[in-house]
Amino acid sequence: MCGIIGIIGKDNENVVAKIIKGLEKLEYRGYDSAGVAVVSDGNLSRLRAAGKLKNLIAKIEENGLSGSVGIGHTRWATHGKATENNAHPMMTKNVALVHNGIIENYRELKFELQKDGYTFSTETDTEVAAVFLQRELDRGCSPRDAFKNMLAAVEGSYAFAAIFSMLPETIMVAKNKSPLVVGFGKNMCIGSDASAISSECKEVVYLDDGDYAEVTREGVLFFDKSFNQIEKKRTPVSEDLIDSGKGTYEHFMLKEIMEQPNAIRKTILHNRIGEDILNGVSRILILACGTSYHAGLVARYWFEKFLKIPTNVEIASEYRYRSPIIEDNTLVIAITQSGETIDTLEALEYVRKHSNAKVAAIANVKNSAISRAADTVFYTEAGVEVGVASTKAFTAQLVVLAAIAFCRNEFFLQKLQNVPALCEEALALYEEIKPLAEKIKNAHSAMYLGRDVLYPIALEGALKLKEISYIHAEGFAAGEMKHGPIALIDDSVPVICLCPHNELFEKMESNIAVSMARGKNIIIFTDEIGAALLPNEAVKIVLPNINAEFAPILYSIPLQLLAYQTALIRGEDVDKPRNLAKSVTVE
Ligand code: M6R
C-alpha cells in the first residue's frame, strides 16, 4: 500500500530524480497515484499525478521541480478516489506532508479545524494532518511543537513525513502501525521500507510504534512516544532486500515462479528446525492472510497428522474481533511474506495482550515488523518477491512449515530434499500448460477442486487466477461440491482438479466424474498412475510422482503458471494487478 520516501541531499544536490527512483522501488507495494514535494529557498512546491509513475515523471519534465530536500509518495486510495487532487503530498502554506495509514478520527479533527476557519480541498483523511500542522504554526508553534500536537491529536495508523517552509533542511517523521525507516548514507533518507532507499543508504533504523524523528543533513534526533530523546540501533541493509531486476523474463512473476527450486533449496538449508520449538506446546495457532493463510491451512493437515498437536488456522483480519480464547501452551505462528501485513501484526498484538503464548514468525522480508514482533523467526529464503501475486514465497513458507511438521521425522526430512528437483520437472511443463490458458481466458468463472492437503492448493490456485487475470475463481474441497457449488458448473466453467494417485484418489475421481457429467472444460493435474486411470475426455497434465505429503508444494507450480499465462494472454498487468498491494498496511 502507500509508499513513502524522503531525501535530504548533501551539498544542495537536487534530489527529485532520486525520489522518483525510490518511488519506482516502492511501486511493488501497489498504488494508484503519486506525488513529490520539495522545499527550496524557503518555498514549498509539489507535483502530483493520478495513475502510474510515468504520469508524474511527465509532469515533472514538463513543469520542472527541484530542491535538495523532498518527500515523495505512492498512494493506494482509501479515503477518496485515486485522483490527482487526492494524491499526496498534502500541502498548505507552510507544510507538505505524506502519510501511509488511516486517520480514524479525521471527521472530528476536520470539524474542529473547520470551526477554526480552515478549509479543505481533498476527500482524504490525510489532509487533516497537514491542516492541523498549519493551524498550530499559525498559532505560533514551532514546527516541532506543531508536529507533537498533531501526533497527540490523531488516532489510527500512520507513517508521516513532513517538510516545512521555515525549516528547509529537515524532514519530520513519525510512525504508528505503518512501517517507516530512517536511512544513513551520503544523503539522509526516510522510506517505507529499506529496499526503497537501499541504493542511497547502507544502514537503517527501523522506527517503532510511537517513535518520532527529526532528520537533518547532520543526522537524526529520535524521540519515543513521551517525546524523550532516545538512541536507536542502526541495522545494515540486507543484500536480500535488493531486487536484481527481471533479468531475461518479461515479468517478475514468471521469474519468481522459475526461481522456486532454488528458493526451496535455500529455505531447506537455512531451516533445520530443532524439536525444542515444540517443547511444552499442546496447541498451535496459525495467523495469516491471503496466500500465507493458505500455507497455514496446509500446515494444519501436517501438524495434526504428524505432530498430533491440535492446530487452528485463523484469517488474521478476523481473528482479534471475535474475542478468541488462547489456551495455555499454545505456539502461535504468524506467516507472512512481507512481514508488514497490518492484520497479522494486529492479531499478534491481541495474542500478546491476552496470553503468554510463544510467538514464532515465518517471514520472507528480513527485519520486517512481524519478524521483529516475534520471539522466534524462521526466514523463507525466497529472496525479494516483487510480483504482487505471491509464488516463491508461498512454496518457501510450505517448506518452513514442513520443517516444523517433520522436525521429529527424519524420513520426511530426507524426502523434502527431493522436492526442488521435482519442482524443476514441474516447471518444465510450462509449454504444455500454456495452451490451457486459451481454455480459460474467456471464462467468467473457474472452479478449482482438491482434497486433503490439496484443498488449500485449490484455494491458492483460484486466488492466483483471480488476482492477476480478474476472472472470478473459487477453490473448493471437492467433497463439498455436491453441497452447493456444483450448481455453478456448466460448459462455460473450467473445472481445474488436483488429483494425484493418493489415498483419496477414488473419491476425487468420483468428484471429477460428477463434474464431467455437467461441464466440458475439465483440466486435471495428476501423476502417471492417476493419468492412466482418469478419463481421456479431460485434459490431463502429468506431474512427477511425489510423496503425498509434499504434493502441495509441487501442485502449486502448474497453477501459478496457468494463472500467469491466462493473465498474459488477456493482456493484464501481471506484476501490478489493479487494486492490489504487495504490502497491506491498512486494515
Ligand atoms: O505479506 P503477507 O504474506 O502477509 O501478505 C498476505 C496477503 O496479502 C498476500 O498473500 C496476498 O494474498 C497476495 N497478493 C497473494 O498473492
Side-chain angles (χ1 to χ4, degrees), residues 1 27-31 76 177-179 192-193 195 241 251-254 256-257 260 263 286-299 313-319 333-348 360-374 377-380 382-398 400-401 448 456-457 459-470 473 475 556-557 559-564 566-567 572-587:
M1 289 177 169
E27 274 191 293
Y28 80 96
R29 298 172 75 88
Y31 72 107
W76 187 88
K177 296 187 174 156
S178 300
S192 287
D193 57 42
S195 66
L241 294 174
H251 293 103
F252 278 105
M253 184 179 175
L254 185 60
E256 289 159 4
I257 291 172
Q260 286 177 108
I286 297 177
L287 298 168
C289 298
T291 288
S292 300
Y293 170 72
H294 296 155
L297 290 178
V298 173
V313 191
E314 300 271 358
I315 294 174
S317 57
E318 282 293 310
Y319 181 68
I333 306 179
I335 311 176
T336 174
Q337 187 288 128
S338 61
E340 280 184 7
T341 304
I342 187 87
D343 304 295
T344 311
L345 203 52
E346 294 283 327
L348 285 187
I362 298 176
N364 196 40
V365 177
K366 310 248 158 86
N367 292 310
S368 49
I370 293 172
S371 57
R372 284 181 284 129
V377 193
F378 303 111
Y379 284 116
T380 44
V384 183
E385 191 179 69
V386 178
V388 164
S390 188
T391 53
K392 61 178 181 173
F394 174 65
T395 46
Q397 287 167 349
L398 290 177
V400 176
L401 290 161
Y448 287 69
I457 303 307
L459 298 177
E460 175 58 11
L463 179 63
K464 288 286 88 85
L465 186 72
K466 65 186 143 196
E467 277 189 298
I468 58 171
S469 73
Y470 317 141
S556 299
I557 290 178
L559 302 190
Q560 296 165 351
L561 289 168
L562 184 60
Y564 171 76
T566 307
E572 308 299 357
D573 189 348
V574 176
D575 285 335
K576 295 187 214 94
R578 71 182 181 207
N579 303 338
L580 292 181
K582 184 81 182 154
S583 278
V584 178
T585 52
V586 295
E587 274 197 81

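Note that the structure is predicted; figures quoted are calculated from it, not measured. Start at 1 and go down the list; that is how both ligands and their atoms are numbered.
Residue contact check: Thr336 has heavy atoms under 4.0 Å from atoms 1 (O), 2 (P), 3 (O), 4 (O) of ligand 1. Less than 4.0 angstrom separates some heavy atom of Ser292 from each of these atoms of ligand 1: 2 (P), 3 (O), 10 (O). Within the listing of ligand 1, atoms 16 (O) sit less than 4.0 angstrom from a heavy atom of Ala389. Numbered from 1 in the order shown, with element, the atoms of ligand 1 that lie under 4.0 Å from a heavy atom of Val388 read 13 (C), 14 (N), 16 (O). Close approach to Ser338 involves these atoms of ligand 1, each under 4.0 Å from a residue heavy atom: 1 (O), 2 (P), 4 (O). Numbered from 1 in the order shown, with element, the atoms of ligand 1 that lie under 4.0 Å from a heavy atom of Thr291 read 10 (O), 12 (O), 15 (C), 16 (O).
Shortest contact from atom 8 (O) of ligand 1 to any protein heavy atom: Val584 CG2, 3.9 Å. Here the heavy atom of the protein found nearest to atom 6 (C) of ligand 1 is Cys289 O, 3.3 Å. The shortest contact between atom 14 (N) of ligand 1 and any protein heavy atom is with Glu467 OE2, 2.4 Å.
Checking only distances, Thr341 does come within under 3.5 Å of ligand 1, N or O to N or O. An N or O contact shorter than 3.5 Å links Gln337 to ligand 1 by distance. Residue Ala581 places no N or O, backbone or side chain, under 3.5 Å from any N or O of ligand 1.
In this structure, Lys464 is part of the shell of residues with a heavy atom less than 4.0 angstrom from ligand 1. Note on ligand 1: Thr344 sits outside its first shell, no heavy atom being nearer than 4.0 Å.
Checking Ser583 against Glu340 by side-chain atom types alone, a donor-acceptor pair falls below 3.5 Å. Side-chain N/O atoms of Glu385 and Ser390 include a donor and acceptor closer than 3.5 Å. A donor-acceptor contact under 3.5 angstrom links the side chains of Gln260 and Thr395, judged on distance only. Using a 3.5 Å distance cut-off with no hydrogens or angles, the side chains of Lys464 and Thr291 do pair a donor with an acceptor.
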Between Tyr564 and Gln560, does a side-chain hydrogen bond (donor to acceptor under 3.5 Å, both in side chains) hold up when you go through it step by step?
-> CA-CA 6 Å; Tyr564 171 76; Gln560 296 165 351; over 6 Å; no
Should Thr585 and Arg29 be marked as a side-chain contact (heavy atoms from CB on, under 4.5 Å) after you check the CA-CA gap, both sets of side-chain angles, and the distance that decides it?
-> CA-CA 9 Å; Thr585 52; Arg29 298 172 75 88; 3.7 Å; yes
Apply the test side-chain contact (heavy atoms from CB on, under 4.5 Å) to residues Ile362 and Leu401: give CA-CA distance (whole Å), side-chain angles for both, the deciding distance (0.1 Å), then the verdict.
-> CA-CA 8 Å; Ile362 298 176; Leu401 290 161; 3.5 Å; yes
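Side-chain contact between Thr391 and Met253: present, with at least one pair of heavy atoms (C-beta onward) separated by less than 4.5 Å.
The structure places CG of Leu345 at 10.5 Å from SG of Cys289, a figure rounded to the nearest 0.5 Å.
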